[in-house]
Amino acid sequence: MTTATTTRPTRKLPAEYRGRLMSMAHDVRYPPETRLFNEGGRADHFFIVESGTVALDMRVPGRRAAVIDTLGAGELIGWSWLYQPHVWRFGARTVGPVRAYEFDAEAVRRMCEADPEMGRSIALWVGEAVVRRLNAARTRLLDLYAPYGSGARG
């Protein structure tokens, strides 16, 4: 599991921590339209996509769920597993066939607690994904529901 694709999303982690994290990965495959997790559910795992596309969505009162972002090869799926109360903030489903690496969130959190410097590195790495995801959600929701959109498109 040391190919460039599997380590691309973790490249900001020091090599030692990247290797330790990837040693905990389980190879998984999902057919199209598979629900990986639901908004509000227990966040007890996370993924790094090897191939395929995953759509992130969120419930919008009075409307169907809005797709707020799509993620592909090399991207982290899920951040709620790291932060209390460990409840998914978005939902996720596969768009087409997906191959990914799945991680047990509790095992990774224990490893981070045992090595605070690794925990800090993981928290910073996941935090960057949180910022990207929330910005994408904001832009997408404004595009869908604001009178003049997000203004992001010229």
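All heavy atoms count here, side chains included; hydrogens, waters and symmetry mates do not.
Distance check, rounded to the nearest 0.5 Å: CZ of Arg18 to CE of Met22 gives 10.0 Å. Rounded to the nearest 0.5 Å, atoms CG (Leu21) and SG (Cys112) are 8.0 Å apart. Atom CG of Leu36 and atom OG1 of Thr94 lie 6.0 Å apart (nearest 0.5 Å). In this structure, OH in Tyr83 is found 12.0 Å from CZ in Arg109, a value given to the nearest 0.5 Å. With rounding to the nearest 0.5 Å, the separation of CG in Asn135 from CG in Asp69 is 10.5 Å. The distance from atom CD of Glu75 to atom CG of Leu56, rounded to the nearest 0.5 Å, is 9.0 Å.
Put simply, Val67 and Val95 are part of two different groups of oily side chains (I, L, V, M, F, W, Y) that touch within less than 4.5 Å, one to the next. When hydrophobic clusters are built by joining Ile, Leu, Val, Met, Phe, Trp and Tyr residues whose side-chain heavy atoms come closer than 4.5 Å, directly or via intermediates, Trp81 is not grouped with Leu124. Note: the hydrophobic cluster containing Val49 also contains Val130 (ILVMFWY, side chain heavy atoms under 4.5 Å, direct or indirect links).
Listed by chain and residue number, Asp57 satisfy the side-chain contact (heavy atoms from CB on, under 4.5 Å) test with Ala65 (two or more places apart in sequence, or in another chain). Here Asp104 pairs with nothing under the side-chain hydrogen bond (donor to acceptor under 3.5 Å, both in side chains) rule; sequence neighbours left out. By the side-chain contact (heavy atoms from CB on, under 4.5 Å) test, Val28 pairs with Tyr30, Phe47, Ala100, Glu102, sequence neighbours left out. The salt bridge (Lys or Arg N to Asp or Glu O under 4.0 Å) search around Arg120 returns Glu117, not counting sequence neighbours. For Arg110, the side-chain contact (heavy atoms from CB on, under 4.5 Å) partners two or more places apart in sequence, or in a different chain, are Glu106, Ala107. In this view, Arg59 and Glu39 satisfy the side-chain contact (heavy atoms from CB on, under 4.5 Å) rule, not counting sequence neighbours.
Residue Arg42 qualifies as open at atom CZ: its count of foreign heavy atoms under 6.0 Å is 12 or below.
Between Val54 and Thr70 the shortest side-chain heavy-atom distance does not fall below 4.5 Å. The side-chain heavy atoms of Glu128 and Leu76, taken from C-beta on, include no pair separated by under 4.5 Å.
Remark: side-chain polar atoms of Thr53 are not paired, donor with acceptor, to backbone N or O of Leu71 under 3.5 angstrom. Between the Ser80 side chain and the Ala43 main chain, no donor and acceptor come within less than 3.5 Å of each other. With hydrogens and angles ignored, the 3.5 Å screen pairs no side-chain donor or acceptor of Asn38 with any backbone N or O of Gly41.
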Given side chain to side chain contact (heavy atoms under 4.5 Å, CB included), test Asp27 with Arg29 step by step and report yes or no.
CA-CA 7 Å; Asp27 187 28; Arg29 296 166 195 263; 3.7 Å; yes
List the steps, then state whether side chain to side chain contact (heavy atoms under 4.5 Å, CB included) holds for Ile68 with Phe90.
CA-CA 9 Å; Ile68 53 127; Phe90 301 120; 3.5 Å; yes
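Below 30°, between 30° and 60°, or above 60°: for His45 and Phe37 the angle between ring planes is above 60°, a perpendicular geometry. Ring geometry, Phe46 versus Trp125: the interplanar angle exceeds 60°, so the pair is classed perpendicular (tilted spans 30 to 60°).
Between Gly78 and Trp88 the shortest heavy-atom distance is CA-CZ3, 3.5 Å. Between Ile77 and Ala92, the shortest heavy-atom contact is CG2-CB, 4.4 Å. Among all heavy-atom pairs drawn from Arg89 and Gln84, the shortest one is NH2-O, 4.0 Å.
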